[in-house]
Amino acid sequence: MTGQSSLADGARRAYHDGMIQDDYPTLDGRPLSPESLMMSYGYDPHLSEGAVKPPIFQTSTFVFRSAEEGKAFFEIAMGERPRGAAEPMGLIYSRLNNPNLEILEDRLTLWDRAEACAVFSSGMSAIATTLLYLLNPGDVIVHSEPLYGGTDYLIKRILPRFGIGNAGFRASGRAEDIQTALAQPEVAERVAVIFVETPANPTNALVDIGACVAAARLLSTPTRRVRVAVDNTFLGPLFQHPLQMGADLVLYSATKFIGGHSDLIAGACLGPADLIEGVKGMRLMLGTMADAHTSWLLLRSLETLKVRMEAQAAGARRVARFLAQHPKVERVYYPGLLAPSDAGYDIFKKQCLSTGSMVTFNVRAMEGSDGEAEAFRFLNALKLFHLAVSLGGTESLAEHPYTMTHADVALEDRLAMGITPKMVRLSIGLESPEDLIADLGQALRSV
Ligand code: PLP
């Protein structure tokens, strides 16, 4: 087991350098930590009767003081003219803007040091809306593999219907794999987006974000900029900051750690103001924004994000260590178990601030068995873990990627990426690690 603090020094330095920005909130010249700002940033209580928490603006539309005011709000919202220095961004209609959504978007920018943020009704709507904004017929999207099953389906089965090609590269930790995917002639000429999910769901495989950024820059021309978009759901927004490594956009299923209580579905996209403006334009027309109530719940969740993610990661370290020495466990996929000789080790050291709280493992299968029966016996025997898909919530969850979250992925791709019937994915919550280990131990006895 490698200590995460020594491993993550490079990534931590890069993040703190990125904090020194002109418009970042400071106290006596010192930048405030994002966790200090999660209770207040972007909200003025005196605009809402002194309420310490923002009320829920449960309304579809907003009243204009005059027809002239309504016209002015639309001119700005539709980009017909820039906003004057003292001119407010008027509230129009909740598909376009809503106070809860706007406060949430401002607060979320702080963790990633992003200029702007767009929040969505789900992680999938964030990814789909962003890709529809970035891609045109004839373009190719180059992507890491494995990807979350829904993203895999979108890229391989839906986008091709609109003339958008795809080329995958294995999240193997080797920069050559990215270069090989990009070197195919029909890809190099047409690539518009490099889409990366790291750590990858469900194998925790790592992709070198810096190498993707370097490749995108090499392939960009004055008329065609290749964009790098990173799904940061597994480690972000606390423990990995792709924008600081040169990525253009960072994406989240906010259903997971950002929401953190398994009681909402949401997504987010962050990046420079001009790109997010374009993404928001597409969101406006597709209607994929988050509603006021979901935004309010996410604001509540952000207040505890840091303590939750740190405690979950600490619990996961103990769970991973327990599984790694268990005779019924064949292999554990967890960044904290990478050895210096592993391909992902240097990437982890460079870009991750923590080992996170996702632990995947293979049960040891009997000879002649593909392992599904053993994995199912284990899953059915769990008492404290819930048998459910999703991740990042306060409760620990266990699932079977091969038949559940990744069932949509073509069989040969699943097997090639190591998503086999003997694989189990765990999301570690806030229960006592001793209790979780006791539950895993008793369930493994039934294998
Ligand atoms: N990205 C990753 C890495 C995921 O794990 C998921 C869902 O599990 C998604 C995107 C999709 O998010 P949502 O379910 O919020 O649409």
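Both counts, for ligands and for their atoms, begin at 1 and track the order of listing.
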Checking a contact table here: which protein heavy atom is nearest atom 14 (O) of ligand 1, and how many Å away?
Lys256 NZ, 3.9 Å
Residue Gly123 vicinity, atoms of ligand 1 by number, heavy atom under 4.0 Å:
12 (O), 13 (P), 15 (O), 16 (O)
Looking at atom 9 (C) of ligand 1, what's its closest protein heavy atom, distance included?
Tyr148 CD2, 3.4 Å
Would Phe169 and Thr180 satisfy side-chain contact (heavy atoms from CB on, under 4.5 Å), going step by step from the backbone distance to the final call?
CA-CA 8 Å; Phe169 63 89; Thr180 308; over 6 Å; no
Looking only at non-hydrogen atoms, find the nearest pair between Ile258 and Leu302 and report the distance.
CG2-CD2, 3.9 Å
Can you check whether Ser253 has an N/O within less than 3.5 Å of an N/O in ligand 1?
yes
Any N or O on Glu197 sitting closer than 3.5 Å to an N or O of ligand 1?
no
Pair Glu35 + Lys306: basic N to acidic O under 4.0 Å:
yes
Let's go through Val191 and Asp139 carefully: what are the C-alpha distance in whole Å and the side-chain angles of both, what is the deciding distance for side-chain contact (heavy atoms from CB on, under 4.5 Å) to 0.1 Å, and is it a yes or a no?
CA-CA 6 Å; Val191 59; Asp139 287 345; over 6 Å; no
Could an N or O of ligand 1 be found under 3.5 Å from any N or O of Ile127, whether backbone or side chain?
no
Can you give me the closest heavy-atom contact between Thr203 and Tyr333, atom names plus distance?
O-CB, 3.3 Å
Under 4.0 Å from one or more heavy atoms of Ala266, ligand 1 contributes atoms 15 (O)
for atom 5 (O) of ligand 1, nearest protein heavy atom and its distance come out as Asn201 ND2, 2.9 Å
With a cut-off of 4.0 Å, which atoms of ligand 1 are near a heavy atom of Asp231?
1 (N), 2 (C), 3 (C), 10 (C)
Heavy-atom nearest neighbour in the protein, as seen from atom 15 (O) of ligand 1, with distance rounded to 0.1 Å
Thr255 OG1, 2.6 Å
If you measure from CG on Leu397 to NE2 on His386, what distance do you get to the nearest 0.5 Å?
7.5 Å
CG of Leu286 to OG1 of Thr129, rounded to nearest 0.5 Å, is 5.0 Å
cation_pi(Arg308, Phe257) dist<6.0 Å, angle<=45
no
Ser390 contact mode with ligand 1 (heavy-atom cut-off under 4.0 Å)
neither
Identify, for atom 16 (O) of ligand 1, the protein heavy atom at the shortest distance, and state residue, atom and that distance.
Met124 N, 2.8 Å
